[in-house]
Amino acid sequence: MRTSWADSEEAEAAAVPSTIINNGVVPNSGAAAAAAVSGNSRPARSAYVPPHLRNRPPSSTPPPPAVSAPPAANTRWGGGGGGGGRSGGSFGGAASNTRTGGWDRGREREVNPFGDDVDVEPPFVQQENSGINFDAYEDIPVDTSGDNVPPAVNSFSEIDLGDALNLNIRRCKYVKPTPVQRHAIPISIAGRDLMACAQTGSGKTAAFCFPIISGIMKGQYAQRPRGSRTAYPLALILSPTRELSCQIHDEAKKFSYQTGVRVVVAYGGAPINQQLRDLERGVDILVATPGRLVDLLERARISLQMVQYLALDEADRMLDMGFEPQIRRIVEQMDMPPRGVRQTMLFSATFPKEIQRLASDFLANYIFLAVGRVGSSTDLIVQRVEFVQESDKRSHLMDLLHAQRENGTHGKQALTLVFVETKKGADALEHWLCINGFPATSIHGDRSQQEREHALRLFKSGATPILVATDVAARGLDIPHVAHVVNFDLPNDIDDYVHRIGRTGRAGKTGLATAFFNENNSSLARGLAELMQESNQEVPAWLSRYAARSSYGGGGRNRRSGGGRFGGRDFRRDTSFNRSGGGGDYYGGGRSNSGYGASGSSYGGGGYGAGVTSAWD
DNA sequence: GACCCAG
């Protein structure tokens, strides 16, 4: 499960000598590659299974003859997916015939992430679905809008994802798809663009990984340029933090085991040389943070011209002020195929309408999908708000921690995650907790990547059961056993609050979220009070008064919270967002036919309602 | 203010 660069160093050492096949093709010109892209821009994701994938045992085929050649970029690794594509090329029939799935396990040492084979490797710490209460999902509210929405499926077997992927799904102990998977996977398999409000705890990562992996396995892709040091991924998955990219990479690798689909992660703070070597050995799916990706693009070590699939995790964050220019540059100003040619999938739990509108620049005739959650699960997280002056916060936190210690809700199985506003504040609080007898560590952007990963490991293992964090840890991270999230400093944005408290109460477990509120947070009062009310939480009278005060002053409005909060609703259906005359563009030529209106009322006026309070992410 | 290349 580890993807830190320190660990991949090991994998690298084990993986040489390279078995990558070099067919000797002269580095391709951009034009040729572009032609290849446009000629195969939407690979058919039909039920067709290439012969070499039919009835294929997991790892029975012997390795091909070793080919001595310098590592070539983008050679399909392990074969499984028809990477050879056109066997008419100089690749040669022999080579492609030998590239059946898993042939090179002994040579490339593809680590078995499941620990059920010869390779002994610790099993994944999280088999998230196994802890999910599926009964609670049965009547979950789901909304879709857009043209010709493909119907949802009820089982993985209804979709032909391919044998190797299906085997991995079974190994993950995923018995049946979660609601977001039931809806998002058919949409993606159909080749449609997607904006999905979904939840990590219910398998969001799988929801975009399965179609990508399956599509690459089945796709008949033109030979990617070789011989140069430029890598040509077929899929790009972007996320806002390094740790989240690592987590997605771990998941994607698990799903890709013995499929022949190669997953590489690239993020900042780690030595770039290792990542360059990984890329040289071939990449189908690239998981990256924006900064390092831009760096690699500028070095011409990556080209996006073969990208067929683009997925943005935490998409609203990626398109928020801080990231949007970089994302726009990557998606629009590099060599990535344009929208409508590539397939684009955006995932997040919170999707403010302003961000939805921005996002529509990257999408073509997309489907909007919102997965709510049953009201009963709301109670999994108890939200408390306490009025605490700045000067009293530390002693108040100490009281909470002492109480937890007495309750026994402290330690390996009851982790406490404390969010603060600033990096300095994180350091200070960590130090203060330590000298007061509470072992704590911290994660924030001023720590080295090694320190960040180390802190996360200490916390996850329970060795240090308190983690002080900035918003770097607010989104997406799946940390089991977080029993308590403390908003020592509340965020300025209610969406950030939603993501923060979503670190607890995951996978059917209960959670507690405590917030320290004072005058400095008055701009959040209204959103907080509304959210708590929707979540059937007790709203303190004083908070309601704050909320009432800020409601007419316009005080708490910011760009992300104005006009409909949690994005549980397609902005294209909001007429106020279509007034500029460009509304038709958002639809790409058609109106919703999903009957949204009929079920929309159950959403309680456009929010996630109860859904925002828990594992939904 | 936080997060996102490199050094």
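No experiment lies behind these values; they were computed from the predicted model shown. Chain letters run A, B, ... following the sequence lines, proteins first and then strands; every chain starts at 1. Hydrogens, waters and symmetry mates play no part in the numbers below; they use all other heavy atoms, side chains included.
At the phosphate of dC3(B), neither OP1 nor OP2 sits under 4.0 Å from any side-chain N or O atom of Thr289(A). Arg447(A) has no side-chain polar atom (N or O) that falls below the 4.0 Å cut-off from OP1 or OP2 of dA2(B). A sub-4.0 Å separation between OP1 or OP2 of dG1(B) and a side-chain N or O of Lys424(A) is absent. OP1 or OP2 of dC3(B) has at least one side-chain nitrogen or oxygen of Thr470(A) nearer than 4.0 Å. Side-chain nitrogen and oxygen atoms of Arg317(A) include none within less than 4.0 Å of the OP1 or OP2 phosphate oxygen of dC4(B).
For Met321(A), the listed nucleotide lying nearest its side chain is dG1(B); candidates were dC4(B), dA2(B), dG1(B). Comparing dC3(B), dC4(B), dA2(B) against the side chain of Gln326(A) picks out dC4(B) as the nearest.
In summary, the side chains of Glu453(A) and Gln449(A) do present a donor paired with an acceptor at a separation below 3.5 Å, with no hydrogens or angles considered.
Leu319(A) places its CG atom 17 Å from the P atom of dC4(B), with the value rounded to the nearest Å. Per the geometry, OH belonging to Tyr267(A) stands 17 Å off P belonging to dC3(B), to the nearest Å. Atom CD in Gln449(A) sits about 13 Å away from atom P in dG7(B), given to the nearest Å. Straight-line distance from the CD atom of Glu314(A) to the C1' atom of dC3(B): 12 Å, rounded to whole Å. Atoms CD (Glu298(A)) and P (dG7(B)) sit 14 Å apart, rounded to a whole Å. Atoms CG (Asn521(A)) and P (dG1(B)) sit 16 Å apart, rounded to a whole Å. Atom CZ of Phe323(A) is separated from atom P of dG1(B) by 17 Å (rounded to the nearest Å). Computed from coordinates, the Leu296(A) CG to dC5(B) P distance equals 10 Å when rounded to whole Å.
Aromatic ring centres of Tyr546(A) and Phe517(A): separated by under 6.0 Å.
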Hey, can you pull the donor-acceptor pairs under 3.5 Å for the side chains in residues 424-433 of chain A, sequence neighbours left out?
{"from": "Asp427(A)", "atom 1": "OD1", "to": "His444(A)", "atom 2": "NE2", "distance (Å)": "2.8"}
{"from": "Asp427(A)", "atom 1": "OD2", "to": "His444(A)", "atom 2": "NE2", "distance (Å)": "3.4"}
{"from": "Glu430(A)", "atom 1": "OE1", "to": "Ser442(A)", "atom 2": "OG", "distance (Å)": "2.8"}

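Arg328(A) comes within contact range of no nucleotide atom at all, as no heavy-atom separation falls under 4.0 Å. The residue Val294(A) sits apart from the nucleic acid: no heavy atom pair falls under 4.0 Å.
No hydrogens or angles were tested; on distance alone, nothing pairs the side chain of Arg475(A) with the base of dA2(B) as donor and acceptor under 3.5 Å.
Atoms CZ and CG, on Phe208(A) and Asp313(A) in that order, are 4.0 Å from each other to the nearest 0.5 Å.
By the side chain to side chain contact (heavy atoms under 4.5 Å, CB included) test, Gln389(A) pairs with Phe387(A), Ser391(A), Asp392(A), Asn518(A), Glu519(A), sequence neighbours left out.
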